[in-house]
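A short worksheet on the structure shown next.
Lettering of chains follows the sequences in order, A, B, ..., and the numbering in each one begins at 1. This is a predicted model, so every value here is computed, not measured.
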There are 2 protein chains.
Amino acid sequence: MKPSVGIRDVAQHAGVSNATVSNVLNRPDVVAPATRQRVLAAIEELGFVRNESARQLRAGSSRVIAYVVLDAANPFFTDVARGVEDAAREAGLALFLCNSASDGGREREYLELLHEQRVEGILITPVDAASARIAERGTPVVLVDREATDGTRCSVAVDDVLGGELAVTHLIENGHTRIAMIGGPLSIQQVRDRREGAMRALTNAGLPADALTFLETRSLQVAEGRGAGERLVGLPASRRPTAAFCANDLLALGLLQSMTQQGLRVPDDLAVVGYDDIEFAAAAAVPLTSVRQPREQLGRTAAQLLLTENEPDHEHRHVKFQPELVVRASTAIKRRP
Amino acid sequence: MKPSVGIRDVAQHAGVSNATVSNVLNRPDVVAPATRQRVLAAIEELGFVRNESARQLRAGSSRVIAYVVLDAANPFFTDVARGVEDAAREAGLALFLCNSASDGGREREYLELLHEQRVEGILITPVDAASARIAERGTPVVLVDREATDGTRCSVAVDDVLGGELAVTHLIENGHTRIAMIGGPLSIQQVRDRREGAMRALTNAGLPADALTFLETRSLQVAEGRGAGERLVGLPASRRPTAAFCANDLLALGLLQSMTQQGLRVPDDLAVVGYDDIEFAAAAAVPLTSVRQPREQLGRTAAQLLLTENEPDHEHRHVKFQPELVVRASTAIKRRP
DNA sequence: CCTCGATGTTGAAACGTTTTAACGCCTGAG
DNA sequence: CTCAGGCGTTAAAACGTTTCAACATCGAGG
């Protein structure tokens, strides 16, 4: 490792004091143009890179925020992250992405690390309700895609109950009366909310609660969707649902694959609704009906809320967006031959 | 903001010196169990969080590495990132993900930031050749999915020339003699390599170079694939290729969508080969033939190489993996009615 | 000629840790 | 009783910045 050139080396090389170098770095306008040039030249020549730790230690602020994402492999979250990043960069902040991968332990570790790093703020889509209540340790936290139940912090969410209701109402209107909902684990708030919305749709339509079969999955990933498909087909034909509402598009895509593999047709044998409307939903084997959420706006808004967090008269806000149903081929009206 | 409790506050509260608190934090075994308990209790009680900046400033090391990814929305890279993270976490390092989003400026900013942060090491899939040559500033850098041409750093790559050759050879064997390659911009090394492989396949089969029409795109994203599809269909039927090799799966998925929309059939009117074999390739409208790369292993290996970087007798290594063709429906043999 | 304000520069004191050498205490051996 | 050695603890010196009050220098206004 190089002897690591510091601000004093630069100062000496340029024939000024270290305070002046610091000024060139942080308040260029306050130093005379000639000196500034000389210092910049010295910086260039010596290959000086400011030591952020020292800067932060003294200055107290870090110019970095972080987004702890639930599943970096889910395009929904990468889209949210893009919104976050755009907003952050407009505000002159850098963004660190951390992937909890739905693992509470990992999430805790990252939060601890971020607190230690004294980031300016943390955006998080928490793994479960417990972690959503994480002790605030001086760093502002904004919940993303999850509503803060207590008023202790800001949150940006989408009305998942409404989303579930939209999806299942659509299926009911298409004539389905035996419907499966696929999703899990139930420790995830979104899954619970979407199920609640589904139940509400049944009630609204005067259908009994057992018109909905809930198949719980271990995660919200493609492979689990395939597994659920097999379980579904395994059911006796008389009780087998004619439509499925998946808690996200990854599950729906897996389900779709599984149906094709088992020789069943979508939507004829099984209508499918997904959730999130990720880009791949439209490109699927059967273009997927899905519930669209304003992904980038979700992230962008969350970042903006975070920025208001240390304003003097800040009070926590809870923004809630409306989802929207996008109808495609996977729920085309059932043919009655 | 809270008055921020420091190590000395803890020390005072526990009736010991700050050095002892530091020992509890870093070398718990060296301090007497009773004292340790007392200190831990004080930490808990005061809600002390170690200031990482100060730690790092004094200790010199950061326990963090970073992966600057080319496109966080591309599942290929999130899979690579997962491999990186697994390896990092096994080594007790945290991983920060930075998304350059194929933007050279963004990439430079992040690299600067990471240097300032004095991260232990940087993994990067660079935007273009210029950025791949980025001045090393004391922080070890490993190239991911790109070969380091000079011997100045380690790299982990996949043989893209071979990949392109596999894809196009497969198309030729299926009887295609007018083939399109879709990808870009050409500033991306992978695109150039895959095209070179495609040309080699032509040569091997004794086909003229103009059997391959290269359609350059502005990026490697789904929307560009759709655009390319329209351009393709716009060609006079006599010159229109009967098969397309896409530089990645996102383009291929876009192309697929575009074909369906324009009423053409895959593979009958156009056979399609993608690249990367992302999870969604198998779930596409027409399951996609694709060139598979060992994604997670790529990331894992890169992280491991990075870790060897500050061993005393380190010499830069260039690992190169072999890709593999996965044949699916999108290149099923052309029917000749 | 003196004073004043503006403009540029600087010396030195933080910031909150880790680290090192030294310290006091206790125990067991001589 | 003395002394060597081990053990646990500590005072104080870093680490590389930023910041602030103070200090030159200079031109203009009185």
Side-chain angles (χ1 to χ4, degrees), chain A residues 1-40 42-43 46-64 112-113 115-118 137-138, chain B residues 1-40 42-43 46-64 112-113 115-119 137-139:
Chain A
M1 190 71 80
K2 276 182 232 166
S4 150
V5 22
I7 208 178
R8 333 190 64 104
D9 301 301
V10 175
Q12 189 176 356
H13 197 264
V16 296
S17 84
N18 48 342
T20 300
V21 178
S22 177
N23 280 335
V24 170
L25 257 34
N26 304 303
R27 292 183 296 285
D29 46 305
V30 92
V31 41
T35 342
R36 196 193 313 157
Q37 288 311 323
R38 206 146 31 93
V39 171
L40 288 176
I43 288 179
L46 300 180
F48 165 78
V49 179
R50 179 222 254 107
N51 184 327
E52 174 68 17
S53 302
R55 203 210 112 256
Q56 200 179 130
L57 174 60
R58 176 63 233 228
S61 75
S62 67
R63 311 264 65 187
V64 173
E112 187 67 21
L113 180 72
H115 276 128
E116 290 186 350
Q117 296 266 359
R118 300 291 192 273
R137 293 234 192 75
Chain B
M1 189 70 81
K2 277 182 229 166
S4 152
V5 22
I7 208 177
R8 331 188 66 103
D9 302 299
V10 175
Q12 190 176 358
H13 197 266
V16 297
S17 84
N18 48 347
T20 299
V21 178
S22 176
N23 280 334
V24 170
L25 257 34
N26 304 303
R27 292 184 296 284
D29 46 306
V30 92
V31 43
T35 339
R36 195 193 314 156
Q37 287 311 323
R38 206 146 30 92
V39 171
L40 288 176
I43 288 180
L46 299 181
F48 165 78
V49 180
R50 178 222 256 108
N51 184 327
E52 173 68 16
S53 303
R55 203 211 114 254
Q56 200 179 130
L57 174 59
R58 176 62 233 225
S61 76
S62 67
R63 311 264 62 183
V64 173
E112 187 66 20
L113 179 72
H115 276 129
E116 290 186 350
Q117 296 266 0
R118 300 290 193 275
V119 294
R137 293 235 193 75
T139 313

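Rounded to whole Å, atom P of D:dA13 lies 12 Å from atom CZ of B:R8. Between A:R55 atom CZ and C:dC15 atom P there is a gap of 16 Å when expressed in whole angstrom units. B:E116 places its CD atom 10 Å from the P atom of D:dT18, with the value rounded to the nearest Å. Atom pair A:Q117:CD and C:dT17:C1' shows a separation of 14 Å (rounding to whole Å applied). Across the protein-nucleic acid pair, B:I7 atom CD1 and D:dA12 atom C1' stand 14 Å apart, rounded to whole Å. The CD atom of B:Q56 sits 17 Å away from the C1' atom of C:dT19 (whole-angstrom rounding). The distance between atom CZ of A:R58 and atom P of D:dT17, rounded to the nearest whole Å, is 14 Å. For the pair B:R118 CZ and D:dC15 P, the interatomic distance rounds to 14 Å; values are reported in whole Å.
Taking both residues in full, the closest heavy atoms of B:R36 and B:V31 are given as NH2-O, 3.5 Å, listed atom of the first, atom of the second, then distance. The shortest heavy-atom contact between B:Q56 and B:S61 is CG-O, 3.4 Å. In terms of heavy atoms, A:V5 sits closest to A:L46 at CG1-O, 3.4 Å.
The main-chain N or O of A:R118 is found under 3.5 Å from a side-chain atom of A:S62 such that the two form a donor-acceptor pair. Within the 3.5 Å criterion, the main-chain N or O of B:A14 finds a donor-acceptor partner in the side chain of B:R38.
Applying the salt bridge (Lys or Arg N to Asp or Glu O under 4.0 Å) test to residues at least two apart or on different chains, the pairs with a partner in residues 51-64 of chain A are A:E52-A:R55.
Comparing A:A59 and B:N18 against DNA chain C, the residue whose closest nucleotide sits nearer the 5' end is A:A59. Along DNA chain D, the nucleotide nearest to B:V16 and the one nearest to B:L57 differ in position, and the one closer to the 5' end is contacted by B:V16.
In this structure the side chain of B:V24 never reaches within 4.5 angstrom of the side chain of B:V10, judged on heavy atoms. At a threshold of 4.5 Å between non-hydrogen side-chain atoms, the residues A:H13 and A:V21 do not count as touching.
Here A:T20 reaches the OP1 or OP2 of C:dT10: one of its side-chain N or O atoms lies under 4.0 Å away. The phosphate of D:dT18 (OP1 or OP2) has a side-chain N or O of A:R50 nearer than 4.0 angstrom.
A 6.0 Å sphere centred on CD of A:E116 holds more than 12 heavy atoms belonging to other residues, nucleotides or ligands.
Residues of residues 21-35 of chain A that place a heavy atom closer than 4.0 Å to DNA chain D, in numerical order, are A:S22, A:N26, A:R27.
Comparing the axis of the opening five pairs of the helix from C:dC1-D:dG30 to C:dG30-D:dC1 with that of the closing five pairs yields an angle of 60°, rounded to 10°.
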